[in-house]
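Below is one structure; the comments refer to it alone.
In what follows, chains are A, B, ... by sequence order, proteins preceding strands, each numbered from 1.
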Number of protein chains: 2
Amino acid sequence: MGNEMIPDIVVGRLPLYLRTLQLMSAEGRQVTSSQELGERLGISAAQIRKDLSQFGEFGKQGTGYHIDYLANQIKKILHLNKSWDVVVVGAGDVGHALSRYQGFSNRGFTVSMVFDNDPAKIGQKVGGFIVESIAELPELVEKAQIKVAMLAVPAAQAQQVTDMLVKAGVKAILNYAPINLLVPQDVKVQYIDPVLHLQRMSYYLE
Amino acid sequence: MGNEMIPDIVVGRLPLYLRTLQLMSAEGRQVTSSQELGERLGISAAQIRKDLSQFGEFGKQGTGYHIDYLANQIKKILHLNKSWDVVVVGAGDVGHALSRYQGFSNRGFTVSMVFDNDPAKIGQKVGGFIVESIAELPELVEKAQIKVAMLAVPAAQAQQVTDMLVKAGVKAILNYAPINLLVPQDVKVQYIDPVLHLQRMSYYLE
DNA sequence: TAGATTGTTAATCGATTAACAATC
DNA sequence: TAGATTGTTAATCGATTAACAATC
């Protein structure tokens, strides 16, 4: 219903709003305004109001936004009113850190399996998970109806593993390998490459 | 010289171009075109030409771009014709992964120290580095003239550590803590929060 | 030369901001 | 009521794309 034409750039800011609202809530706050949110985020108040207005009317004139209410609405919009099971592929340092990261569970995601192709790692424990063989990935991911994966394998294997994930029904991939992935249109990919961020900043260094 | 008004969004794409050029170079390729680059990156050829034209003329009509030459020019623009020493603050899982990550050295950065405030970790080896106490950070960072830091401490301590880093002369911070940092105008911050990426994708999941 | 591709200008598109009536 | 802040419209700003002369 006039839904899928919301700009992705707007969608991308919602998690930022949510994070700040949850921080405010943890501080014991009840109510905020677009102005205050904007100041904490470095975003204009007008933009926050405009972004939110794409999804409904969540505030009260003269008062602002009820923090918990708005946070919950944003959670619903982002489909975070459930917890998504996520698999980690690659049990190296990055996969290890991801599988142990405590910051997922209360933000809508639960790591449920860890995979690797190294026989020395398969069967070992990493972050509380027994590392499974990538050979088992298609069956396990499909059976568990996993839709989200974090990819932490070497760049040379990233596309191949991606193809497996897509075939097994995964629709969202967070890719830590420094390489562009080719996926069907209905599969989303987000990229994390710390070096890109560092290089972007070094432009401004003397 | 008509220099500092280049949009940051353009600067942000240069590392992406560089990464692709270096990949092509590793494939043994000599020459490419804005069209080919665009296809590999999912960016229009016109945009790539426009971006590059902000910095000079690097191509030849009818031929395209010499890959190694263009890569080197971009490296110079991004100040990557030297290697920047970087410190890692926080020797938890993320800091551990960062300090061992092999992908920095050939892309312009060298991890040179690791800090933590946990007495149980100080003096221990992490990724080939002896973990230093955060108490030593101001002196060590200033003496070594470190300009770049990666921050992997709990959110609650991130701002405080940031203030120390800034005071010690750091001008670029890659922040893994899920929190907005306040810094002076001449200090750049980039953020990595995997959950933001996951949440952005979950919008598109059913 | 003919074909290809650059660098650049002008046109288009989209995102951000300013402003304000509505209203709590 | 008076003050504050929303949701929204119109104005502005900036980024992307299309098109093409220049030229290798």
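Where Gln47(A) and Gln61(B) each meet DNA chain C at their nearest nucleotide, the meeting point lying more 5' is that of Gln61(B). If Gly62(A) and Lys50(A) are placed on DNA chain D by their nearest nucleotide, the residue sitting closer to the 5' end is Gly62(A). In terms of position along DNA chain C, the nucleotide closest to Gly64(B) lies nearer the 5' end than the nucleotide closest to the other residue of the pair Gly64(B) and Ala46(A).
Side-chain contact of Ser83(A) with Thr110(A): a donor-acceptor pair under 3.5 Å is present, judged by distance alone. Residues Tyr203(B) and Asp8(A) bring no donor and acceptor atom of their side chains to less than 3.5 Å of each other. Counted by atom type alone, Asp163(A) and Gln159(A) present one or more donor-acceptor pairs between their side chains at under 3.5 Å. There is a side-chain donor-acceptor pair under 3.5 Å between Asp51(A) and Tyr17(A). The closest side-chain donor-acceptor pair between Arg49(B) and Ser34(B) falls under 3.5 angstrom.
Between Ser112(B) and Val86(B) there is no side-chain heavy-atom pair separated by less than 4.5 Å. Inter-residue side-chain proximity for Asn180(A) and Arg19(B) is flagged as met; some heavy-atom pair is nearer than 4.5 Å. Between Val141(B) and Val87(B), the closest side-chain pair of non-hydrogen atoms falls below 4.5 Å.
In the 5' to 3' direction, nucleotides of DNA chain D lying under 4.0 Å from heavy atoms of chain A begin and end at dA4(D) to dT9(D).
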Subject >> Dot-bracket encoding of pairs in DNA chain C, which uses [ ] for pseudoknotted crossings and | for another strand, Watson-Crick or G-U under 3.5 angstrom >> reply: ..||||||||||||||||||||||
